[in-house]
Amino acid sequence: MRDIRPIVMPKWGLAMTEGTVLEWQASVGDDVSEGQEILDIETSKIVNSHESPVAGPFRRIVVEQGETVPVGALLGVCAPDSVSDEEVEAYVSEFLDNFDWEAASEDSGPEPEFADTSLGRLRYLRQGDGDGEPVILVHGFGGDCMGWMFNQSALAEEFTTYAIDLPGHGGSEKNVGDGTVSFLAESLAAFTEAVGIDRAHLVGHSLGGAAVAALALLRPGIAASLTLIAPAGFGEEINIEFIDGFIKQKRMRKLRSVLETLVADPALITDDMVEDVNKFKRLEGASEALEALRNGAFADGVQQYLLNRKLGEFDAPMQIIWGRSDRILPVAHGESLAEGAKAIILDEVGHMPHMEKSGEVNEAILSFIR
Amino acid sequence: MQLSRDELRTAFKRMCLIRQFEDAVHDEFSAGNIPGFVHLYAGEEASAVGICSHLDDRDAIASTHRGHGHCIAKGCDPKGMMLEIFGKKDGLCGGKGGSMHIADLSKGMMGANGIVGGGPPLICGAALTAKYRDTGGVAVAFVGDGASNQGTTFESYNLAKVWDLPVVFVVEDNRYAESTASDWSVGGSQVGRANGFGMPGVEVDGHDFFAVWDAARQAVERARDGSGPSLLHVKLYRYYGHFEGDASTYKAPGEVEQVKQRLDALDMFKQRVVETSLLDSEELKSIEQEAEKFIADCVAAASTADAPARDDLMTDVYVDYKF
Amino acid sequence: MPTKSFREAINEGLRQEMERDDSVIIMGEDIAGGMGSPGEDDAWGGPMGVTKGLMPQFGRERVLDTPISESAFIGCAAGAAVTGLRPVAELMFVDFMGVCFDQIFNQAAKFRYMFGGKATTPLVIRTMYGAGFRAASQHSQCLYPLFTHIPGLKVAIPSNPYEAKGLLIQAIRDDDPVVFFEHKVMYDDEADVPDEIYTIPFGEANVSREGDDATVIAFGRMVNLANEAADRLKESGITVTVVDPRTTSPLDKETILETASETGRVVVVDEAHPRCNLATDISALICENCFDDLKAPIKQICGHHAPVPFSPALEDLYIPKVESIEAAVRELVGKGH
């Protein structure tokens, strides 16, 4: 049964213990490619397409539409034609017999840890145990380490990964200093010192993209590579109405319409995601931190930290990933890149490529840093 | 007796201020210049001053509807009080409290109180704060003979006792709760009641400043050194009615005059200090005259001061609340 | 996010504020329990175990068992508040306001105004309310309308454990006296509650469901019934906005009027007796301000104008039901197209 490849219920974020199969997009008999959107899954927090982690003919649906199963449960099977139907059935039976349903439902997965840095306590989620240089993932304005829920597990299969909560965000210290990108870079430097990282592949999204780039300039040699996803720092323009709406709006209906500008397909934004943003803003110091970042990094409604003129100073390879339908930071900013940097522009993708097209982004990162 | 000349002068000055203040309020009320109702303390000066002489800004008092004397004795500004009683914007409480709610927390004066028996629970709170913060502060609840029959007062005796709070309960028994005689309305005795809660209690002649001062010294010291609550039953007399406009027909004919002649707190004080050569008559006279002039100035200022404005109606309801 | 009960959420909110600020003290009848008794210390942690464990952590100096003497200790808490502490006093059942209301509404509520803005009274009174416990007429009332009526008091009515912790911490930090209502049948309700300290501002309604066909405004425990009704109605294609005002003083008039205008059909759900309660108040507010946007008369679903009965057969009839909310919305949706 060596060629049989399982598709299992993924784990999207810490809180996820189970998911519901909303719709199979692939039919039995289809030739599935890796990264192809194969089914839609709903969790308590999010609805998203699951991209096939495997390739080959799709042979068997194990969990039907509408069913809810724990993380890790077998959803379907791919196998080459050389494998007989009996062998596929035997594989499914054996998987189901051996699967510990109870443990799977209760498994809460890796827990976030805290690093006491010289600039305060920062929370991070560590996953994977690779030998090479680790990967540091840094979210954007208003996000947290859970924002990498579709990416971190995939990267962790080959690398040690650290998804960090920036100061002012998630479970980290809420003091953001003067609210500038430079302060965030100082904090990231303090984080690497606290956990003992000398060199890492830096992956940053949006404001976190500017922050990791600033870190690379602040600590020469620290960056093994830079992957900047819809990064800040490449032009003055920013959709400041988004930032202000994110801070100010509280009613679900209004906040949801603000959050919908993040993505090309508004259906991605669930009630729970909206409520989670409200809950984050109520944490002690969180709203003040967002205000401080708004008035620091985006004072006067424009980006204050610009990398354009510093592009020659980077000592590591850089790639940029941008959604063509980005309504927060214009994709045109990506065009101001120095020659030699790799740019990937994704169609029908908004400001959240790593969520909206996680498979492609994961592959782009892995192939860039391997 | 351990009162210095300075302390005696200060005490006499405060008693004079209270007397002059109350007489002036009486006149102004009769002239129709003061709205609402006022309850005057004239005749009871030795109690407020004799007790508050032992207190400083760490210490708190809770007063009654007859609170002017307690306010002055605890250090409230008489001019601010007069403006308040006239309902003026610059009154001690912005004209929003009036006679029955004068307070100055910066002086430890937690308020006159329109509710009979409202103060004792609050004073337990002030005592709890002092005890918890270890400030050495003492809290004094003034109640009348009327409030001495309220459940809140008994509950407070009990709470102060079981929590061992630095409280002095002062029952100012001026013989009448409104028109009803305390001889009739109080079952048992005030001291007996205190003893029933396991507190020491002592009966004091409230016309005699020195007797009050001495009894209060022991009670305040006891509270301050952590030995718990106690009670003073101060027997005194009010010259005016329960409220201004009360014809006091429940009093015996000639009763007020008799007390004034034989037991006036100011006269008794003067006689004592002159006889013992602690202060001379000239000095006392000049203190009285100064007080009279000062209170006249207060009345003049209050008469011409501005009333609160429309905008003041809705301020100070909350610290932070958008209407 | 960790799951916690309503009881645990309140306990955690108290503990975190007591750790943060040593002026926060708590007092009440049996709030630790066992004071002076030969058996266990911290025997009760309040009648519902809400404050269990706080006395061992903070000591008897900050967790004060009181005699059964509401006037004295509620007034004492007010006096401590106005002299610099931040007391949280537990009035075991709100029905007991009858023996201490003077200290709340004549004293604590009025200090600031009567004293010309020179007093602050950061007092919290936690109190249990509501029917459903077979606790009969003197232990089951929803008396928050009486407190809401009094200027100078703030009134918070959390509808779930998440709300409870955030609103309680806000209440403790608030410089005005706050009466904090906890529904006695909700202590075992569970929800995701962050370990971190967070606050929910007063006067900011929560819109827990967004819909187009009707707006249901509900208080405290009734919010959960309204949510359930909304979820059931959704299955038949009727979408409902559910508004939880969270605090009745201050009141988020803006969100109430906005959501009422959006759908034009309003149901107000209040467990309290029907006369002069929050439902009547909210209905009047809406009529006065957005009458022209209404497509149908406002429906009020309340308790009855009778004391809360003891017999389960009767008490169950007394309490508003999900079905009644659902039926009221269906009736309104049939009107005014």
Side-chain angles (χ1 to χ4, degrees), chain B residues 60 62 84 89 91-98 100-106 108 110-115 117-133 137 139 150-160 162-163 165 312 314-323, chain C residues 22-23 25 27 35-36 61-62 64-85 87 89 99-100 102-103 106-123 151-154 174-177 202-203 247 249-253:
Chain B
E84 186 61 32
K89 182 179 171 66
L92 207 49
C93 302
K96 288 174 171 173
M100 270 190 292
H101 307 299
I102 297 176
D104 186 347
L105 292 160
S106 68
M110 291 177 70
N113 209 310
I115 306 299
L122 302 172
I123 218 63
C124 288
L128 179 66
T129 301
K131 184 177 177 178
Y132 177 69
R133 289 296 189 203
Q150 285 279 36
T152 48
T153 305
F154 296 134
E155 287 194 28
S156 300
Y157 290 172
N158 188 60
L159 190 67
V162 301
W163 279 357
L165 297 173
D312 297 318
M314 296 303 286
T315 56
D316 304 325
V317 182
Y318 296 90
V319 176
D320 172 27
Y321 187 132
K322 295 170 206 83
F323 290 99
Chain C
D22 76 354
S23 66
I25 60 166
M27 61 173 80
M35 184 73 188
E61 283 197 345
R62 296 182 67 192
L64 294 125
D65 274 345
T66 67
I68 296 180
S69 190
E70 286 87 2
S71 268
F73 82 77
I74 295 288
C76 175
V82 84
T83 51
L85 299 185
V99 292
C100 62
D102 177 67
Q103 293 294 327
N106 269 329
Q107 311 295 339
K110 293 182 171 51
F111 286 157
R112 187 165 186 83
Y113 196 79
M114 292 193 308
F115 301 164
K118 290 177 194 150
T120 52
T121 312
L123 164 69
L153 294 180
K154 291 178 177 170
D174 200 288
D175 282 333
D176 291 311
F202 284 179
T247 55
S249 184
L251 182 68
D252 184 353
K253 294 179 192 165

Nearest 0.5 angstrom please: [X] [atom1] to [Y] [atom2], how far?
X        : Y        : atom1 : atom2 : result
C:Phe115 : B:Glu84  : CZ    : CD    : 10.5 Å
B:Arg133 : C:Asp22  : CZ    : CG    : 4.0 Å
C:Thr83  : B:Tyr132 : OG1   : OH    : 12.5 Å

Do [X] and [Y] come within less than 4.5 Å of each other through their side chains, counting heavy atoms only?
X        : Y        : result
C:Met27  : B:Leu128 : yes
B:Asp320 : C:Asp175 : no
C:Ile74  : B:Pro121 : no
B:Trp163 : C:Cys76  : yes
B:Asn113 : C:Met114 : no

Name the member of [options] that forms the most heavy-atom pairs with chain B at distances under 4.5 Å.
options                               : result
C:Gly84, C:Pro177, C:Gly117, C:Gly203 : C:Gly117
C:Thr120, C:Val99, C:Thr121, C:Leu64  : C:Leu64
C:Ser69, C:Ser23, C:Ala78, C:Gly36    : C:Ser69

Counting heavy-atom pairs under 4.5 Å to chain C, which of [options] comes out on top?
options                                : value
B:Gly108, B:Gly118, B:Ser156           : B:Gly118
B:Gly94, B:Gly95, B:Ala126, B:Ser106   : B:Ala126
B:Gly117, B:Gly97, B:Ala130, B:Pro120  : B:Gly97
B:Leu165, B:Thr152, B:Ile115, B:Asn158 : B:Ile115
B:Gly125, B:Ala127, B:Gly151           : B:Gly125

Given heavy-atom pairs under 4.5 angstrom as the criterion, report whether the side chain, backbone, both or neither of [X] touches chain B.
X        : answer
C:Lys154 : both
C:Ser249 : both
C:Asp65  : backbone

Part of [X] lying under 4.5 Å from any heavy atom of chain C:
X        : answer
B:Asp104 : neither
B:Leu92  : both
B:Ala60  : neither

- [ ] List the atom of B:Leu159, the atom of C:Pro67, and the distance in Å for their closest heavy-atom pair.
- [x]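 So the minimum-distance heavy-atom pair works out to CD1-CD, 3.4 Å.
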
Open item on the list: Between C:Tyr113 (side chain only) and B:Tyr318 (backbone N and O only), is there a donor and an acceptor less than 3.5 Å apart?
Closed with: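 No, because the side chain of C:Tyr113 does not come within donor-acceptor range (under 3.5 Å) of the backbone of B:Tyr318.
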
Task: Candidate list B:Leu105, B:Asp316, B:Leu122, test side chain to side chain contact (heavy atoms under 4.5 Å, CB included), partner C:Phe111, passing option - done: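 The option that passes is B:Leu122.
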
